[in-house]
Peer 1: 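Before I ask anything, let me first share the structure, which is written out below as structure tokens.
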Protein chains: 2
Amino acid sequence: MTKPLTPRSAAKRAAILDAAQACFCDQGFAATSMDVVAQAAGVSKATIYSHFRGKDDLFGAIICRRCDDHAEGMGPIAAGAGDDAASVLAAMARTLMDLLMEPEVLAMYRMVVAEAARHPDLARIYYEQGPVRGKQRIADVLAGLDRRGLLAIPDPWLATDLFVNMLRGEVFHRALLGLDGPARLSLDGTIAEAVRVMLAAYGPRP
Amino acid sequence: MTKPLTPRSAAKRAAILDAAQACFCDQGFAATSMDVVAQAAGVSKATIYSHFRGKDDLFGAIICRRCDDHAEGMGPIAAGAGDDAASVLAAMARTLMDLLMEPEVLAMYRMVVAEAARHPDLARIYYEQGPVRGKQRIADVLAGLDRRGLLAIPDPWLATDLFVNMLRGEVFHRALLGLDGPARLSLDGTIAEAVRVMLAAYGPRP
DNA sequence: GTCTATAGAGCGATAGAC
DNA sequence: GTCTATCGCTCTATAGAC
């Protein structure tokens, strides 16, 4: 994706990536010019072209780097939860929503969606390295709850999909569209109800 | 949003809207030039500027027109369903997913998301005239099922949000990113499980 | 109202000095 | 490797004939 050679000027390369990510997130990919990125990074435009093949290559490098950050952010996904299904589900829900609501994550998702038609390879990389990895983590936890008899989940991946998307719902939808007004649904209420629904649907047979 | 005067050349205006919608959906808003739109519509570029103030105004006119089509597409939302909750839920799910999976709807959503940062007013119009109207229809049906004792739903709007987003899930996510490969989840399987979850969570107390 | 032709600005990418 | 300066192109929007 990028030039394999990086002797010492890796600092400038990082500055370019940081500046480009900020500009792209703020203005969108198509609307951001290389001149603006160069100015924001404190380098000349030619320096950017010595590190990256072009604007598309720069875009790809940002997506890949950001996906790694995603994976780290989901680290101890059910940290500090109790030992019952409700606590674990609620803790995962909170961790997930905190990540999804970060402005940078939203902006990155907007960009990938917007450029998906012209950069299908990048959309695939993002999807597999970002959302899929995160969902796998949640599916593993659900499978663990199933093994311990705390829940009865025949298909953990399907249950994960329903759980995650119940959570995102209107809150994520509104954030994606930049509607920052008062939402018709609260995040806390949505999480509580999603956990309740999961328990009702996947609670172990008594 | 558009000039209030439209004597007789409304035909050209419609042709411009049709062509612009097709081009925008195909190539994206930013990547589509007014020259291409003019050529596709069979008019000159100056004619477009006599009907619309500029590219943004043209974009807004397309969004508004498309929202009306959405509302019609959700017409008899639970048509042909039986009289039990499971049938009604499944019928609504099928109607909704058929609409959401239309290429034009996906493309329109991509565009609104992509331009949300620079056109917040358009994002708001789209959200309220599109998704909110559709969800209200579903919430009304759920409230009806509650009144008839077929389900027990204290907050129909919240239940609608969870239901709709369970359905969209990975299928919509992948379609939005243009990943047309074999999905890890099938649409039919997702609908069946979402209906089952809804019945488990909101089934009437026996 | 609609056309042809063009203005005027900004873009991505590069050449060559250092 | 990094800079300054610039090329060649495409874009949105407009002016003026019909």
Side-chain angles (χ1 to χ4, degrees), chain A residues 1-63 111 114-115 117-119 122, chain B residues 1-63 111 114-115 117-119 122:
Chain A
M1 196 62 74
T2 65
K3 284 189 175 179
L5 308 173
T6 42
R8 181 67 187 281
S9 63
K12 293 229 173 198
R13 189 177 189 277
I16 294 170
L17 282 173
D18 289 339
Q21 177 172 322
C23 292
F24 287 169
C25 286
D26 206 45
Q27 304 286 335
F29 175 74
T32 301
S33 72
M34 294 295 261
D35 290 88
V36 171
V37 174
Q39 191 171 3
V43 301
S44 85
K45 206 163 41 164
T47 301
I48 299 180
Y49 281 95
S50 80
H51 282 273
F52 303 95
R53 260 177 246 121
K55 200 181 179 184
D56 290 357
D57 188 39
L58 181 56
F59 183 56
I62 291 173
I63 299 296
M111 265 195 299
E115 302 299 323
R118 271 172 306 286
H119 300 91
L122 286 181
Chain B
M1 196 63 73
T2 65
K3 284 188 175 179
L5 308 171
T6 41
R8 181 66 187 284
S9 63
K12 294 228 171 195
R13 188 177 189 278
I16 294 170
L17 282 173
D18 290 338
Q21 177 172 321
C23 293
F24 287 168
C25 287
D26 207 45
Q27 304 285 336
F29 175 74
T32 301
S33 72
M34 295 295 260
D35 291 88
V36 171
V37 174
Q39 190 170 4
V43 301
S44 85
K45 209 165 34 165
T47 301
I48 298 180
Y49 282 95
S50 79
H51 283 273
F52 303 94
R53 261 176 243 122
K55 200 180 179 184
D56 289 357
D57 188 38
L58 181 57
F59 182 56
I62 290 173
I63 298 297
M111 266 194 298
E115 302 298 324
R118 272 171 305 286
H119 300 92
L122 286 181

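The sequence lines fix the lettering, A, B, ..., with proteins before strands; numbering per chain opens at 1.
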Peer 1: To the nearest angstrom, how far is A/Phe52 atom CZ from C/dG12 atom P?
Peer 2: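 Atom CZ in A/Phe52 sits about 15 Å away from atom P in C/dG12.
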Peer 1: I need the OH-P distance between A/Tyr49 and D/dA5, as an integer number of Å.
Peer 2: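 About 19 Å, once rounded to whole Å.
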Peer 1: Using whole Å, report how far CD of A/Gln27 lies from P of C/dG10.
Peer 2: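 After rounding, the gap between these two atoms is 15 Å.
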Peer 1: Tell me the interatomic distance from A/Arg53, atom CZ, to C/dA13, atom P, rounded to whole angstroms.
Peer 2: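 Checked: the CZ to P distance equals 12 Å.
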Peer 1: side-chain hydrogen bond (donor to acceptor under 3.5 Å, both in side chains) between A/Thr47 and A/Ser44: does it pass, once the steps are laid out?
Peer 2: CA-CA 5 Å; A/Thr47 301; A/Ser44 85; 3.3 Å; yes
Peer 1: Is there a side-chain contact between A/Ile63 and A/Phe24, using heavy atoms and a 4.5 Å cut-off?
Peer 2: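 No, their side chains stay 4.5 Å or more apart.
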Peer 1: Let me know the distance between CG of A/Asp35 and P of C/dT14, rounded to the nearest Å.
Peer 2: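 Computing the A/Asp35:CG to C/dT14:P distance gives 14 Å.
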Peer 1: Just how far is it from atom NZ of B/Lys45 to atom CE of B/Met34, taken to the nearest 0.5 Å?
Peer 2: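 Answer rounded to 0.5 Å: 8.5 Å.
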Peer 1: So, taking the atom named CZ in B/Phe29 and the one named NE2 in B/His119, what distance separates them when rounded to the nearest 0.5 Å?
Peer 2: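 With rounding to 0.5 Å, CZ (B/Phe29) is 5.0 Å from NE2 (B/His119).
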Peer 1: The side chain of A/Met34 is closest to which nucleotide in this list: C/dC3, C/dG12, D/dT2?
Peer 2: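 Closest of the options to the side chain of A/Met34: C/dG12.
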Peer 1: Please report, rounded to the nearest Å, how far the P atom of C/dC11 is from the NZ atom of A/Lys45.
Peer 2: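 So the NZ-P distance, A/Lys45 to C/dC11, works out to 8 Å.
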Peer 1: With a 4.0 Å limit, can you tell me whether B/His51 has a side-chain N or O closer than that to the phosphate oxygens OP1/OP2 of C/dG1?
Peer 2: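 For C/dG1, neither OP1 nor OP2 has a side-chain N or O of B/His51 closer than 4.0 Å.
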Peer 1: Atom CG of B/Asp56 to atom C1' of D/dA13: distance rounded to whole Å?
Peer 2: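 After rounding, the reported distance stands at 13 Å.
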Peer 1: Below the 4.0 Å mark, does C/dG1 have OP1 or OP2 next to a side-chain nitrogen or oxygen of B/Thr47?
Peer 2: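 B/Thr47 to C/dG1 OP1/OP2: no side-chain N or O under 4.0 Å.
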Peer 1: Tell me which nucleotide among C/dA15, D/dT2, C/dC3 gets nearest to the side chain of B/Val43.
Peer 2: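 When the side chain of B/Val43 is considered, C/dC3 is the closest of C/dA15, D/dT2, C/dC3.
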Peer 1: Under 4.0 Å between any heavy atoms, over every strand shown, what does B/Ser33 touch: base, sugar-phosphate, or nothing? Just pick one.
Peer 2: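 The answer is sugar-phosphate, as B/Ser33 gets under 4.0 Å only of primed atoms, P, OP1 or OP2.
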Peer 1: Return the CG to CZ distance between B/Leu17 and B/Phe52, rounded to the nearest 0.5 Å.
Peer 2: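 So the CG of B/Leu17 and the CZ of B/Phe52 are separated by 4.0 Å.
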Peer 1: How long is the line joining NZ of B/Lys55 and P of C/dG10, in whole Å?
Peer 2: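 Answer to the nearest Å: 16 Å.
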Peer 1: Let me know, please, whether A/Ala46 or A/Val36 comes out on the 5' side of the other along DNA chain C by nearest nucleotide.
Peer 2: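 Nearest-nucleotide comparison on DNA chain C picks A/Val36.
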